[in-house]
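Notes follow the structure.
All ligand and atom numbering here is 1-based and tracks the order in the structure.
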Amino acid sequence: MIRRRIPLALSCAMLAAACRPGAPVTATNPSPAHAPLVMPPRLIPAPAQMTVGTGAPFAITRETVIRVDNGNAEALQVAEALGTMLRTPTDFPLVATLVPAGSPDVAPGTSAIHLALAPDRSALGDEGYELVVNSDAVRLTAYRPAGLFHGIETLRQLLPVKIESEIGVDRQAWNIPAVTITDTPRFAWRGAMLDVARHFYTVKEVEQFIDIAALYKLNVVHLHLSDDQGWRIAIPSRPLLTSAGSLSQVGGGPGGFYTADDYAEITRYAQARYITIVPEVEMPGHSYAAIAAYPNVACANRAVGSSYTGTDVGWSTFCVDSAATYTMLDDIIRDLAAMTPGKYIHIGGDEVQTLTPAQYIKFVEHVQQIVTSHGKQMVGWEEITKAHLLPTTIAQQWKSDSATAALQYGSKLIMSPSDKVYLDMKYDATTELGLHWAGYVEVRDAYDWDPATYMKGVPESAIIGVEAPLWSETLANITAAEYMLMPRLPAVAEVGWTPQANRNWDDFRTRLAAHAARWNQIGINWYRSPQIAW
Ligand code: ACM
């Protein structure tokens, strides 16, 4: 590998991601005037370390094979995912094989993409990878299969935009530039939330949302599965939740819900992309749909089957002093835990305006016991930090410094500051969709902040990660959702993945501009932010 020579005149923004903003650009060898300028690949999130080679690229051809040199059935599945990604646009066979340990390497001259699990590379962690590309071979190494998966998402971004085509593409060179990348994420939790309660999203739409998350190396998709306007997940022991509680949505549309099979399909689809589904069922507030289905869990009974199609918050609550409430919540959490492969259950807990602090605290502590008894870790919005939390419980900051109370229990925080990463906030005053109670959130707002300095007294070690919520009061389908996600979700993804020292707005906006062609090829709707030179 020839290290790329860096002409002294290059600005930081033009350099590989390892360039530190503000640091002097040094070159080991002054570049001859005629040396070709090698533009660094425009990867998002920027890798932790990248060296761009000056050698010839690797060309994927009809003869290229995908080999898992040291791996297992799961690594082979990742290799298959790479094959699936490449076969349609290239129309090449790209057979993926698991090669037994000790087998000879490919014959010289064989065009091969090698994937390998390396038990001695524990420094790459659960999600990191190393990718070495030169004209002879692509070598992708990881400690765990998730790292291989993130590595193939990097390969995808290194390939021409037409790699996203859903039909075969003629006369295209499928080149991957010579590069060496060693990459691990900054934070373990990199999420996006979709509110399927205010407006219902079909399984296909949720999968489109998961696809976008995977493209940018997110590893959590949090589904907001219940609210005043609808209950969206079948709970076998409580069938009325969906038969009576799912039939409407904001504005009065038909609503909908996921059957157990639908939910299994969503979790399977996410798992294949190394994404954990975190299901949220809201309590004690935001609960009118559940109350309308089972009125005995409300202190004041309401008519069964009535629905709420407005967007006010804070007015509904379960009856927290009633045994019937906890019997139902135990049923719900037990069934949901059994259906959910991931280790988390999110219980909401936000915006309760009708309980005393003592009632609220008692409720949260009781529910925490229920979640734990069913073998899951509880997650809740930052209001839960008023209660005595377990160290395994995770609080999701969204509006204030009150989240810091989690630290006294050793509970970790997910950072979702609404003025930075609430992607349902309008971009500016002219955005037709979205809300603006937390302000306008342009791309730079979503990008240019550091989770470790956002809240006084909350060090990086107390933060498990970052998550971008997308509330859907105004977003009736995935096309509307995409308009709010893109281009801000890639910005949040980089906040979660890339070391702070490697992040730089000017560099990011240059890379982001190059991604629009990819979104167009995939068919993702996006907002043409004036902050980006598209
Ligand atoms: C929230 O935005 N109510 C968590």
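By the neighbour-count criterion of 12 heavy atoms within 6.0 Å, atom CD of Q408 is densely surrounded, having more than that number from other residues, nucleotides or ligands.
Seen from the ring of Y447, R509 does not count as a face-on cation partner, given the 6.0 Å and 45° thresholds.
In summary, E265 and R268 engage in a salt bridge, as defined by a charged side-chain N under 4.0 Å from a carboxylate O.
Evaluated for a salt bridge (charged side-chain N to carboxylate O under 4.0 Å, His left out) with D450, the options R186, R503, K420 yield exactly one hit, R186. Screening E383, E382, E351 against K399 for a salt bridge (charged side-chain N to carboxylate O under 4.0 Å, His left out) leaves a single residue, E383.
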Using a 3.5 Å cut-off on N/O to N/O, what pairs does ligand 1 make with the protein? A line per pair would be great.
unit_1   : atom_1 : unit_2 : atom_2 : d
ligand 1 : 2 (O)  : Y422   : OH     : 2.6
ligand 1 : 3 (N)  : D350   : OD2    : 2.6
ligand 1 : 3 (N)  : E351   : OE1    : 3.1

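If you check the side chains of S306 and Y288, you find a donor sitting under 3.5 Å from an acceptor.
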